[in-house]
Every structure is written in structure tokens, then in C-alpha cells.
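A short write-up of the structure that comes next.
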Amino acid sequence: MYGRLYLDITPPSLQFSEIAGVPVVQPIRPEPFRARTPEPAPWLLELGRRPVVAVTLGTVHGRRLDVYRTVIEGLATTDFDVVVATGSAAVTASLGPLPANVQVHDWVPWGDLLERSDAVVAHGGAGSTLAALCQGVPMVVIPLGADHFTNARMLTSSGAALVLDDDHLSPELVREALAVAVGERARSAARRIASEIAAMPSAEAVVPVLEAVTSTAPRRSSGNEGRL
């Protein structure tokens with residue numbers, strides 16, 4: 001499977017040692033989703049008066065109301081504006097009423113929100129994590145499953161994130177972790193990884209590499225040539 005070309009979106013600071021065993025690796029820059037609407041949402045434009053924390057648990061594990069409620073309670077008394085993206089109308093409806101500094105949406109333009117964010121509280125999924133690091137935003141990670149625990153371990157080693165255990169989560173721990181995440185050490189680590197990502201080739205730059213691979217790939221017979 002890895003014999004001809006492996007496209008790798010992982011920046012060096014988060015790289016796995018196993019990559020050394022892959023024969024042909026082509027780095028490609030990860031890109032966060034951005035809205036294609038002419039004008040940003042009004043709530044997005046209003047952000048910026050205070051520091052912003054973006055919160056998500058993704059779409060697979062996003063029904064963990066207990067985790068969302070603990071995070072919201074922990075951030076309710078802070079000086080941050082908190083934007084929660086649930087990926088689910090049912091989850092959004094279940095989280096009210098909300099503290100004055102917290103707003104919840106089913107979906108948000110994640111890349112646009114991250115440009116305005118000072119920290120992210122998330123589950124550690126690859127997409128959410130790399131999108132935050134593209135913008136140099138430090139994180140508090142609460143792994144819930146899948147690759148989250150591996151990603152959290154790499155993030156801890158890089159210094160760009162604090163990791164919390166969902167089995168022992170409390171509002172106090174969320175506040176304490178966030179206070180560390182917005183400190184200079186974590187912010188510097190996140191900015192360093194953002195520089196690594198910016199130096200990776202764009203998707204457009206990798207197109208010629210893909211063309212070269214496909215042009216030299218051996219043609220495989222389907223066994224159906226000449227049949228109608």
C-alpha cells in the first residue's frame with residue numbers, strides 16, 4: 001500500500017518514528033476548512049473584544065454531553081468568550097441554558113474561528129488538531145477514542161497542548177489546563193508547529209508529483225477487456 005507514494009500531512013514535531021519505514025513520502029500541508037460565504041456570520045465578526053476559546057468534540061464523539069457541560073462550567077467564570085461547535089442540533093439544544101460568555105453552534109467555519117481564537121479545547125482528532133496548529137493555537141485535549149490518545153501523546157511531547165482524562169474531568173481542571181495552555185511555553189510550541197506546517201508543500205504544489213506517479217503506474221488488467 002505504501003510502495004509508490006504516501007501523502008503525509010503530519011508536521012515534523014508530531015511525526016511518528018514509523019514514517020522512517022515508508023519508502024516514498026510526500027509531505028502535503030493540511031488546511032483547515034473555511035467558509036465560502038461572502039460575509040462571515042455576525043457572531044464571528046463580534047469576536048475579538050476578549051480572548052476566544054474554541055471548543056469541539058468532533059462529530060464521532062460529539063454526543064458526550066457530560067464532557068461539554070464540564071468544559072462549559074469550567075470556562076463560565078473566565079474572561080474568555082467561548083464558542084462551542086457540536087456538529088449536532090440535538091446536542092446544541094441539550095446544552096442550554098448557557099453562561100453569558102458561552103455560545104453554542106451546530107457547525108462553524110472552523111478555520112475562520114481559529115483565526116480569532118487564543119486556545120482550543122478539543123478531543124484530539126487529527127482534523128481539529130491540525131487545523132488549530134495551522135494557526136499556531138495551543139490546545140487542551142480531552143481524548144475520547146480512536147487516534148485521540150496517540151495524537152494527545154505527541155502533542156504533549158511537543159509542548160503545544162495540555163491533556164486531560166475524561167474519566168477524571170472537572171471544571172477546575174479545565175480552568176487550570178487552559179491557564180497553562182495560553183501561557184508562553186504552549187503558545188511558542190504551537191507557533192513553532194505552525195511554522196513547520198506553513199513550510200510544507202501546498203496541495204497545488206503536490207499535483208505534479210501525483211501526475212508523475214499516475215503516468216508511470218503499470219496498467220492493471222481487469223480481465224474484462226473487449227467485453228460489452
Side-chain angles (χ1 to χ4, degrees), residues 9 30-149 151-152 155 161-164 166 169-171 173-175 177-178 181-182 190:
I9 61 173
E31 299 280 357
F33 170 77
R34 296 186 182 279
R36 291 183 171 86
T37 54
E39 295 293 335
W43 63 264
L44 195 62
L45 293 173
E46 292 174 3
L47 296 176
R49 299 183 181 91
R50 299 194 300 176
V52 175
V53 178
V55 179
T56 187
L57 299 180
T59 54
V60 176
H61 298 271
R63 296 187 179 277
R64 287 290 302 271
L65 291 173
D66 58 325
V67 176
Y68 273 130
R69 286 171 176 151
T70 301
V71 171
I72 289 171
E73 182 180 349
L75 302 181
T77 57
T78 66
D79 292 327
F80 292 93
D81 284 324
V82 180
V83 181
V84 181
T86 67
S88 165
V91 172
T92 299
S94 299
L95 290 177
L98 299 168
N101 68 324
V102 177
Q103 55 182 296
V104 178
H105 303 274
D106 303 346
W107 300 94
V108 302
W110 191 238
D112 298 320
L113 174 59
L114 290 172
E115 285 186 342
R116 296 163 169 80
S117 296
D118 296 86
V120 168
V121 179
H123 53 303
S128 301
T129 296
L130 288 173
L133 294 175
C134 283
Q135 301 293 338
V137 181
M139 304 184 69
V140 175
V141 176
I142 308 167
L144 299 175
D147 62 338
H148 307 172
F149 299 96
N151 296 337
L155 284 164
L162 279 292
V163 177
L164 298 177
D166 69 305
L169 197 63
S170 70
L173 287 174
V174 172
R175 281 196 300 272
L178 182 62
V182 297

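To the nearest 0.5 angstrom, Trp107 atom CH2 is 8.0 Å from Thr86 atom OG1. One distance of note links OG1 of Thr92 with CG of Asp106; it measures 4.0 Å at 0.5 Å rounding. Here CG of Asp112 is found 11.0 Å from CG of Leu47. Values are rounded to the nearest 0.5 Å.
Of the possible polar contacts, one joining the Tyr68 side chain to the Leu57 backbone as a donor-acceptor pair under 3.5 Å is found. Ser128 places no side-chain N or O within donor-acceptor distance of the main-chain N or O of Gly125, the cut-off being under 3.5 Å. A donor-acceptor contact shorter than 3.5 Å links the side chain of Thr56 to the backbone of Ala85.
Between Val120 and Ala132 the shortest heavy-atom distance is CG2-CB, 4.0 Å. The shortest heavy-atom contact between Cys134 and Pro32 is SG-CD, 3.9 Å. Taking every heavy atom of both residues into account, Ala76 and Asn101 meet most closely at O-OD1, 3.4 Å. Of all heavy-atom pairs between Val108 and His105, the closest is CG1-CB, 3.7 Å. Of all heavy-atom pairs between Pro138 and Gly136, the closest is CD-O, 3.6 Å. Heavy-atom minimum distance, Leu113 versus Ala54: CD2-CB, 3.7 Å.
For residues 114-141, the salt bridge (Lys or Arg N to Asp or Glu O under 4.0 Å) pairs, not counting sequence neighbours, are Arg34-Glu115. Applying the salt bridge (Lys or Arg N to Asp or Glu O under 4.0 Å) test to every pair with at least one member in residues 75-100, sequence neighbours left out, gives these pairs: Arg50-Asp81. Among residue pairs with one or both ends in residues 123-148, those qualifying as ring-ring contact (aromatic ring centres under 6.0 Å, His included) are His61-His148, His123-His148; sequence neighbours excluded. Applying the salt bridge (Lys or Arg N to Asp or Glu O under 4.0 Å) test to pairs two or more places apart or on separate chains, those with a residue in residues 55-76 are Arg64-Asp66, Arg64-Asp166.
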Original post:
Passes side-chain contact (heavy atoms from CB on, under 4.5 Å), Gln103 versus Leu98? Steps please.
Top reply: CA-CA 7 Å; Gln103 55 182 296; Leu98 299 168; 5.6 Å; no
**OP:** Take Val83 and Leu44 through the test side-chain contact (heavy atoms from CB on, under 4.5 Å) and record every step on the way to the result.
**Re:** CA-CA 9 Å; Val83 181; Leu44 195 62; over 6 Å; no
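Shown here are the side-chain hydrogen bond (donor to acceptor under 3.5 Å, both in side chains) partners of Thr129, two or more places apart in sequence or in another chain: there are none. Partners of Val182 under the side chain to side chain contact (heavy atoms under 4.5 Å, CB included) rule, at least two apart in sequence or in another chain, are Phe80, Ala119, Leu178.
Using a 4.5 Å heavy-atom threshold, the side chains of Val140 and Val174 count as separate. Counting heavy atoms from C-beta on, the side chains of Pro143 and Val141 come closer than 4.5 Å. Under the 4.5 Å side-chain criterion, counting only non-hydrogen atoms from C-beta, Val82 is in contact with Val55. Using a 4.5 Å heavy-atom threshold, the side chains of Ile142 and Val71 count as touching. Looking at Leu133 and Leu155, their side chains come closer than 4.5 Å, going by heavy atoms from C-beta outward.
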